[in-house]
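Following: one structure in structure tokens, then a few remarks.
Since the structure is predicted, the reported quantities are computational estimates derived from the model, not experimental observations. We use all heavy atoms of the structure for the numbers below, so side chains are in, but hydrogens, waters and symmetry mates are not. Nothing fancy with the numbering, it's 1 onward along the sequence.
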Amino acid sequence: RAVSASGGCLCVWTMSALESFEALSSLDPQQRIQGTQNLLGVLVDVQRVFEESVEGAAASAGADVSAPLEDRVCKDLFLALRRLVRGLASDRDASRLGYSLALSEILRSFTKVIDVAAFVRFVEEELGASGGEQERSRVVGETFALLAIIHSNRIPEAQDQIDAVCRRLMTLANERK
């Protein structure tokens, strides 16, 4: 994996990483798993390099754990999170399943820099309010994002977020009616 630091940000959107996103939408569960593993491997590498850099060390040490995600993670991880969360609102093939799986593994792997509360806020910002068929996709996407939190096993460490996640799931369930 080629990881290079240029201008203070990491740039690793290699063909392999981009193909990982394609694999996440596959109807084949094994391809989704492989895509998740490939993407996670790239993101772990770039976040490690970022944290070892002067900029990353300052971000990790100085940022409040509930600060916006873009202040806590490398640009590549932030862009991957954005793409995955937005992809949860897609009805393409098995995108929701694969993107949710990848988000679960990312949340599980980056516990020091991705706070559950910050992630929930990020999801709400990225999916935002919409109308018509887009509203249905947003509701389903946000539900998958919350399920990714649950599948990541992050809820026990975020006791203060259990009520918020459950209330949000109930609100989403009522929105679908």
Hey, are the side chains of Leu79 and Arg83 touching, using non-hydrogen atoms and a 4.5 Å cut-off?
->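 In short, these two side chains do not touch, never coming nearer than 4.5 Å.
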
I need the [X] [atom1] to [Y] [atom2] distance, nearest 0.5 Å.
X      : Y      : atom1 : atom2 : result
Arg154 : Leu107 : CZ    : CG    : 6.0 Å
Arg82  : Glu125 : CZ    : CD    : 9.5 Å
Leu39  : Ser20  : CG    : OG    : 5.5 Å
Leu24  : Leu103 : CG    : CG    : 9.0 Å
Leu77  : Ile106 : CG    : CD1   : 6.0 Å
Leu88  : Leu127 : CG    : CG    : 7.0 Å

Which ILVMFWY residues are connected to Ile33, directly or by a chain of links, through side-chain heavy atoms under 4.5 Å apart?
->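 When side chains under 4.5 Å apart are linked, the cluster holding Ile33 also contains Leu101.
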
Working for side-chain contact (heavy atoms from CB on, under 4.5 Å), residues Phe50 and Val73 = CA-CA 8 Å; Phe50 174 74; Val73 300; 5.8 Å; no

Please answer whether the main-chain N or O of Ile114 pairs with a side-chain N or O of Arg72 as donor and acceptor at a distance below 3.5 Å.
->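 Here the side-chain-to-backbone pair does not exist.
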
Is Ser104 reaching over with its side chain to a backbone N or O of Ala148, donor-acceptor style, under 3.5 angstrom?
->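 Checking the backbone N and O of Ala148 against the side chain of Ser104, a donor-acceptor pair under 3.5 Å is found.
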
Under the side chain to side chain donor-acceptor pair (under 3.5 Å) rule, collect the residues that match up with Arg48, sequence neighbours excluded.
->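 Applying side chain to side chain donor-acceptor pair (under 3.5 Å) to Arg48 gives none.
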
Non-neighbouring partners of Glu70 that pass side chain to side chain donor-acceptor pair (under 3.5 Å), sequence neighbours left out =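 Scan of Glu70 (side chain to side chain donor-acceptor pair (under 3.5 Å), adjacent residues dropped) gives none.
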
Among residues at least two apart in sequence or on other chains, which ones pass side-chain contact (heavy atoms from CB on, under 4.5 Å) with [X]?
X     : value
Ser90 : Arg92, Ser95
Asp28 : Ser26, Gln30, Gln31
Ala94 : Leu27, Arg32, Leu97

Tell me, which pairs form a ring pair (Phe, Tyr, Trp, His ring centres under 6.0 Å) where one or both residues lie in residues 96-124, sequence neighbours left out?
->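 Checked against ring pair (Phe, Tyr, Trp, His ring centres under 6.0 Å) - neighbours excluded - the pairs reaching residues 96-124 are Phe78-Phe122.
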
Salt bridge (charged side-chain N to carboxylate O under 4.0 Å, His left out) contacts touching [range] (sequence neighbours left out):
range            : result
residues 34-43   : none
residues 101-110 : Glu105-Arg108
residues 142-152 : Arg138-Glu142, Glu142-Arg168

How far apart are the closest heavy atoms of Phe144 and Arg96, and which atoms are they?
->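 Closest pair (atom of Phe144, atom of Arg96, distance): CD2-O, 3.7 Å.
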
Taking every non-hydrogen atom, the tightest pair across Cys74 and Val46 =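 Reported closest heavy-atom pair: SG-CG2, 3.7 Å.
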
